[in-house]
Protein chains: 2
Amino acid sequence: MGWKPTYAIIAERIRRQITEGQLTPGSQLPSERELCDEHAVSATTIRRALAELKNLGLLESHQGRGVFVREGRRPLIRYAPHRFWPQDHPQASYYREAETAGRSVDVMAESVRTTASERVAEWLGIEVGDAVVQVTYRITMDGQPVSSSVCWEVARITDGTAIADPTSGPHAGAGLVARYAAIGRPITGIAEVISARMPSTAEAQTLDIPSGTPLFVIEQTAHTASGPVQVSEIAIPADRYRLSYDMPMPSPTEE
Amino acid sequence: MGWKPTYAIIAERIRRQITEGQLTPGSQLPSERELCDEHAVSATTIRRALAELKNLGLLESHQGRGVFVREGRRPLIRYAPHRFWPQDHPQASYYREAETAGRSVDVMAESVRTTASERVAEWLGIEVGDAVVQVTYRITMDGQPVSSSVCWEVARITDGTAIADPTSGPHAGAGLVARYAAIGRPITGIAEVISARMPSTAEAQTLDIPSGTPLFVIEQTAHTASGPVQVSEIAIPADRYRLSYDMPMPSPTEE
DNA sequence: GAGTGGTCTAGACCACAAG
DNA sequence: TTGTGGTCTAGACCACTCC
């Protein structure tokens with residue numbers, strides 16, 4: 001029962017060196033060859049031990065340079081539902097989040113006009129093949145990508161209005177509540193469904209996700225009185241954000 | 001640029017066999033030795049390819065038996081804030097969730113009286129060392145653990161009331177809103193902060209988490225008019241639940 | 001060029017499951 | 001007993017980084 005494989009023992013040793021401060025964030029570990037001698041095991045066993053710790057997000061390796069103790073930036077907090085409210089400014093909420101965190105934000109957005117897939121059609125309550133405006137976003141803060149998302153809007157509703165193209169015009173960069181308020185279709189509610197999974201290798205690459213870090217996937221639906229008008233699939237590496245939801249209870253006096 | 005390591009190519013091949021239905025959920029793969037011959041590579045390379053897919057949650061292996069395609073149960077949905085409302089029944093919400101999913105639920109709860117740690121004290125707005133009631137829950141559905149949580153309540157508030165011990169008395173098994181309503185301290189709001197990370201080996205064991213599945217960690221705070229009365233740290237394997245949040249917007253005219 | 005991590009090989013031994 | 005996955009070894013070659 002008490003037995004542990006060698007690689008796990010070594011991983012535990014190194015882990016303790018990190019938590020006890022002998023290995024500080026950003027510092028470099030001895031090379032794999034040196035670790036082999038130090039622990040008197042073969043290279044594969046050392047590699048297996050290091051792989052465990054990389055998978056836990058404690059180490060990161062760079063080919064040709066070495067293995068280093070990861071230094072984690074504090075995750076931002078994504079406040080809901082506050083983030084959706086256009087308080088003083090109608091700007092999209094990540095601008096405020098970056099500002100309060102003292103980070104510089106960069107947004108890449110591309111919009112294309114396309115037709116609804118089966119999934120999007122059902123989600124938006126329209127027919128397959130109906131025209132939709134699809135926008136892909138990629139948001140980086142201080143050069144680090146923090147989210148990538150795809151967003152679909154019903155073209156029939158926004159066509160000919162000031163918000164027809166989310167990436168240009170007077171309301172570019174505005175939050176969705178402000179945008180739909182501008183065309184007289186106020187958002188009545190937003191629903192989010194959160195899942196978490198490991199990123200694919202492609203996602204890990206484009207979002208610069210260290211191994212061992214999961215991905216939040218948020219399916220967001222914005223409703224108006226006449227039905228959903230915008231849906232988004234938002235991917236956020238879980239080491240960049242925490243998701244906060246504030247849920248006030250209606251007072252029991254009127255029950 | 002286009003080069004991929006052998007193990008990645010093999011992993012991709014096997015992955016395609018799964019997505020295209022040649023390997024059905026629950027079915028067994030050829031043994032590692034057979035796969036070596038089939039793909040003309042060494043055992044380590046095959047193992048590396050299988051490790052990738054196990055890490056993605058597509059495969060699971062059992063020593064002495066073989067490697068199998070995992071069959072995933074559909075994740076439940078945890079509806080917030082609805083789940084907190086004591087609609088017809090004051091029962092805790094997982095009972096309803098299990099019922100609608102047609103699963104049998106089993107709850108293990110243990111309460112102890114202890115003192116507040118620094119973290120819990122700050123969280124609850126009390127002093128370090130103040131008396132708290134700590135409850136640990138472990139909820140299983142159809143024999144599969146779906147969450148484990150630790151919950152702290154301010155003893156000064158509940159002492160001497162009908163809800164002093166959350167695990168016994170007339171309100172055992174009731175939701176927190178119902179419980180605090182019963183002592184005349186209605187919950188005015190609930191806040192949740194969600195993070196996701198990979199489980200530790202201990203967590204993976206007790207929650208029966210397959211490798212490659214992250215863990216939701218929810219920090220939940222229940223507020224009354226006079227401040228927080230209960231905080232919980234809830235751990236949920238991300239393949240068991242999706243987290244839904246419904247956020248209606250107050251209409252600009254009234255309410 | 002020297003040192004680093006990344007990949008791969010061929011083979012050994014072990015623990016576990018099933019007939 | 002046979003076949004399975006799990007661990008480990010010793011050594012090779014490659015790609016990358018830095019001097």
Side-chain angles (χ1 to χ4, degrees), chain A residues 1-14 17-18 23 26-70 201-202 204-205 208-212, chain B residues 1-14 18 23 26-70 201 204-205 208-212:
Chain A
M1 277 304 256
W3 177 247
K4 270 191 168 184
T6 314
Y7 72 84
I9 295 174
I10 295 175
E12 191 45 47
R13 274 188 220 161
I14 297 175
Q17 290 182 330
I18 295 172
L23 287 169
S27 64
Q28 183 171 7
L29 269 69
S31 78
E32 295 186 347
R33 275 100 172 155
E34 286 173 322
L35 288 170
C36 289
D37 296 344
E38 185 181 328
H39 296 94
V41 292
S42 80
T44 356
T45 304
I46 286 293
R47 287 193 59 75
R48 178 77 190 268
L50 295 178
E52 293 282 300
L53 297 172
K54 283 186 253 182
N55 226 40
L56 284 173
L58 292 175
L59 300 179
E60 63 186 347
S61 58
H62 303 280
Q63 185 167 143
R65 291 208 288 134
V67 183
F68 301 83
V69 181
R70 275 194 52 204
T201 52
Q205 202 164 9
D208 189 27
I209 306 178
S211 67
Chain B
M1 272 314 251
W3 176 248
K4 270 191 170 185
T6 314
Y7 72 84
I9 296 174
I10 296 175
E12 191 46 48
R13 273 189 220 159
I14 297 175
I18 295 172
L23 286 169
S27 66
Q28 182 171 7
L29 270 68
S31 78
E32 294 185 347
R33 275 106 174 148
E34 286 172 321
L35 288 171
C36 289
D37 297 344
E38 184 181 330
H39 296 93
V41 293
S42 79
T44 347
T45 304
I46 286 292
R47 287 193 60 73
R48 178 76 190 268
L50 296 178
E52 293 282 301
L53 297 172
K54 282 186 253 181
N55 227 39
L56 285 174
L58 291 174
L59 300 179
E60 64 186 347
S61 57
H62 302 279
Q63 187 167 145
R65 290 209 286 136
V67 183
F68 301 82
V69 181
R70 276 194 50 204
T201 51
Q205 202 165 10
D208 190 25
I209 305 177
S211 68

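Bear in mind that the values here come from a model prediction, so they are computed numbers and not experimental data.
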Colleague: Among residues 45-65 of chain B, which ones have heavy-atom contacts with DNA chain C below 4.0 Å?
Modeller: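 Output list: B:T45, B:R48, B:Q63, B:G64, B:R65.
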Colleague: Is there any side chain to side chain donor-acceptor pair (under 3.5 Å) pair reaching into residues 46-59 of chain A, and which pairs are they, with sequence neighbours excluded?
Modeller: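 For residues 46-59 of chain A: A:Y7-A:R48, A:E32-A:R47, A:K54-A:S61.
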Colleague: Looking at B:R70 and B:E60, would you say the former's side chain and the latter's main chain have a donor-acceptor pair under 3.5 Å?
Modeller: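 Judged by distance alone, no pair lies under 3.5 Å.
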Colleague: Please work out if B:S31 contacts a base, only the sugar-phosphate, or nothing of the nucleic acid, heavy-atom cut-off 4.0 Å.
Modeller: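 Contact class for B:S31: sugar-phosphate only.
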Colleague: Find the distance between CG (A:L58) and CD1 (A:I14) and round it off to the nearest 0.5 Å.
Modeller: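 Here the rounded value is 10.5 Å.
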Colleague: For a side chain to side chain contact (heavy atoms under 4.5 Å, CB included) with A:L50, tell me which candidate from A:L59, A:T45, A:I10 qualifies.
Modeller: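 Only one of A:L59, A:T45, A:I10 forms a side chain to side chain contact (heavy atoms under 4.5 Å, CB included) with A:L50, namely A:L59.
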Colleague: Once you round to the nearest 0.5 Å, how far does CD of A:E12 lie from CG of A:L53?
Modeller: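 Here the interatomic distance stands at 8.5 Å.
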Colleague: Rounded to the nearest 0.5 Å, what's the gap from CD1 on A:I9 to NE2 on A:H39? Could you check?
Modeller: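 A:I9 CD1 to A:H39 NE2: 10.5 Å, rounded to 0.5 Å.
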Colleague: Can you name the closest pair of heavy atoms from A:C36 and A:A43 and give their distance?
Modeller: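 So the minimum-distance heavy-atom pair works out to SG-CA, 3.4 Å.
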Colleague: Taking heavy atoms of chain A and a 4.0 Å limit, find me the 5'-most and 3'-most nucleotide of DNA chain C within that range.
Modeller: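 Contact boundaries, 5' end first: C:dG3 to C:dT7.
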Colleague: Measure from CD on A:E32 to P on D:dC16 and round the result to the nearest Å.
Modeller: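 Whole-Å distance recorded here is 17 Å.
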